[in-house]
Amino acid sequence: MPKSKRNKVVPLTKTKKKTKEWKEGAITTVRKLCDEYPVVYLFKYQNMRNESFKQFREDHLETSRFCMGSNKVLKVALGREESDEYKQNISELSDRIRGKIGLFFTKLPQQEVLQLFEQFEVLDYARTGSKATEDFELPEGPVQGPTGPLVHTLEPLLRRYGMPTKLNKGVVELIADHVVCKQGDTLSPGQAALLRVFDVKMAAFKMTLLCCWASEGDKITVLAEDESDDDEDEGFEGQGTEEIILP
C-alpha cells in the first residue's frame with residue numbers, strides 16, 4: 001500500500017532525550033566543581049529571565065560557577081544519602097533539592113555572597129500563567145499610556161483583549177471603568193499583553209539562598225527555609241538554553 005502523502009504534524013516542542021553519556025558528563029562536571037570551589041550554595045529562584053541571569057553569571061566568572069538543570073542529575077552528582085555522597089555531608093544539599101533551584105560554586109567570602117544575592121532583583125513583565133501581584137484598573141475616559149495618551153493604532157488591540165474602548169476623533173477612550181486584573185489572578189494571555197502595553201511590571205526575577213556546604217569542616221549551614229510546595233523534580237525553567245547550565 002503506498003504511503004500517504006498527507007501533511008504530517010510534527011511537534012516542535014519535542015526535545016531529544018538526554019543520553020546516558022550526557023548525564024554522566026554532567027555528573028562529572030558537577031563533581032569537578034565540588035573539587036575546585038570551597039563553598040557550594042543551594043539557591044531557589046522565581047521568574048527566571050535568561051538575559052539577566054546570563055549577565056549576572058558572566059559578572060562573576062572569575063570567582064564562581066552556576067549549575068542548574070535536572071534535579072535528579074544534581075542529586076546523583078552530590079549523592080542522595082550518606083553512603084553515596086561525593087563529599088562528606090554534601091548529601092544534605094540533595095535533601096533540599098526540589099522545584100526551581102540551582103547550585104552556586106564560589107570562592108567568594110560568605111558575606112559578599114549574601115549581599116550579592118540579596119541585592120539582585122530584576123523587574124519584568126509578567127507572563128501568561130503568572131500571578132498578578134496587585135490590582136490594575138483603568139478609569140472611564142481617554143486612555144493614558146506610560147508616556148501619555150495611547151496612539152490610536154492600539155485601539156483594536158485593546159478591544160481584542162476585552163477593554164471596552166472606542167475612537168473619538170483619534171483619541172482612544174474607555175466607555176466604562178475596566179479592571180485589567182486583581183491581585184492573585186492567574187494572568188491570561190490578554191491580561192499579560194495589556195500589562196505590557198501599560199508598562200506594568202509584576203514579575204520580579206530573584207534568587208534566594210537556602211543553604212551552603214563548605215569544604216572547611218564539611219559542614220552545612222542553613223540560610224533560609226524553603227516553604228514552597230514545588231515539585232521535587234521540577235528543575236530549570238529557563239527558555240532557549242540547555243537543560244543544565246555549566247561553565
Output the distance between atom [atom1] ([X]) and atom [atom2] ([Y]), rounded to the nearest 0.5 Å.
X: F56; Y: L61; atom1: CZ; atom2: CG; answer: 11.5 Å
X: R98; Y: L42; atom1: CZ; atom2: CG; answer: 9.5 Å
X: L174; Y: L158; atom1: CG; atom2: CG; answer: 8.0 Å
X: I27; Y: L74; atom1: CD1; atom2: CG; answer: 9.5 Å

Hits for side chain to side chain donor-acceptor pair (under 3.5 Å) against S83, two or more places apart or cross-chain, chain-then-number order -> E81
By side chain to side chain donor-acceptor pair (under 3.5 Å), S91 pairs with (sequence neighbours left out) E85
Worksheet entry | Side-chain touch L103/L33, heavy atoms, less than 4.5 angstrom | no
query = Can you find a heavy atom in the side chain of K54 that is under 4.5 Å from one in the side chain of F66?
reply = no
Closest contact, heavy atoms only, [X] versus [Y]:
X: A176; Y: P164; answer: O-CG, 4.1 Å
X: V30; Y: C67; answer: CG2-SG, 3.6 Å
X: N71; Y: G99; answer: ND2-O, 3.0 Å

Sequence neighbours left out, cut at 3.5 Å: what donor-acceptor pairs do the side chains of residues 189-199 make with other protein atoms?
residue: Q191; atom: OE1; partner: S188; partner atom: N; Å: 2.9
residue: Q191; atom: OE1; partner: S188; partner atom: OG; Å: 3.4
residue: Q191; atom: NE2; partner: V180; partner atom: O; Å: 2.9
residue: D199; atom: OD1; partner: Y125; partner atom: OH; Å: 2.5

Enumerate, atom names and distances included, each donor-acceptor pair closer than 3.5 Å involving a side-chain atom of residues 201-218, sequence neighbours excluded.
residue: W213; atom: NE1; partner: Q88; partner atom: O; Å: 2.9
residue: S215; atom: OG; partner: P38; partner atom: O; Å: 3.2

The salt bridge (Lys or Arg N to Asp or Glu O under 4.0 Å) partners of R159 (sequence neighbours excluded) come to E155
Which donor-acceptor pairs under 3.5 Å do the side chains of residues 104-124 make with protein atoms, sequence neighbours left out?
residue: T106; atom: OG1; partner: S64; partner atom: OG; Å: 2.7
residue: T106; atom: OG1; partner: L108; partner atom: N; Å: 3.0
residue: D124; atom: OD2; partner: R49; partner atom: NE; Å: 2.7

Linking I/L/V/M/F/W/Y whenever any side-chain heavy atoms sit under 4.5 Å apart, do [X] and [Y] land together?
X: M48; Y: L187; result: no
X: I175; Y: L167; result: no
X: L154; Y: M163; result: yes

For residues 151-183, the ring-ring contact (aromatic ring centres under 6.0 Å, His included) pairs (sequence neighbours left out) are none
Side chain to side chain contact (heavy atoms under 4.5 Å, CB included), that's the test. Do K72 and R80 meet it? Break it down for me. CA-CA 9 Å; K72 290 182 179 179; R80 292 178 176 271; 4.2 Å; yes
Can L78 and C34 be said to form a side chain to side chain contact (heavy atoms under 4.5 Å, CB included), step by step?
CA-CA 9 Å; L78 298 178; C34 289; 3.9 Å; yes
In short, salt bridge (Lys or Arg N to Asp or Glu O under 4.0 Å) pairs touching residues 164-179 with sequence neighbours left out are none
Residue set satisfying side-chain contact (heavy atoms from CB on, under 4.5 Å) with Q55, at least two apart, ordered chain then number -> E58, D59
Contacts of D35 meeting side-chain contact (heavy atoms from CB on, under 4.5 Å) (sequence neighbours excluded), chain-then-number -> Y86, K87
Table please: side-chain donor-acceptor pairs of residues 131-149 below 3.5 Å, with sequence neighbours left out.
residue: K131; atom: NZ; partner: T186; partner atom: OG1; Å: 2.9
residue: D135; atom: OD1; partner: Q183; partner atom: N; Å: 2.7
residue: E137; atom: OE2; partner: K182; partner atom: NZ; Å: 3.1

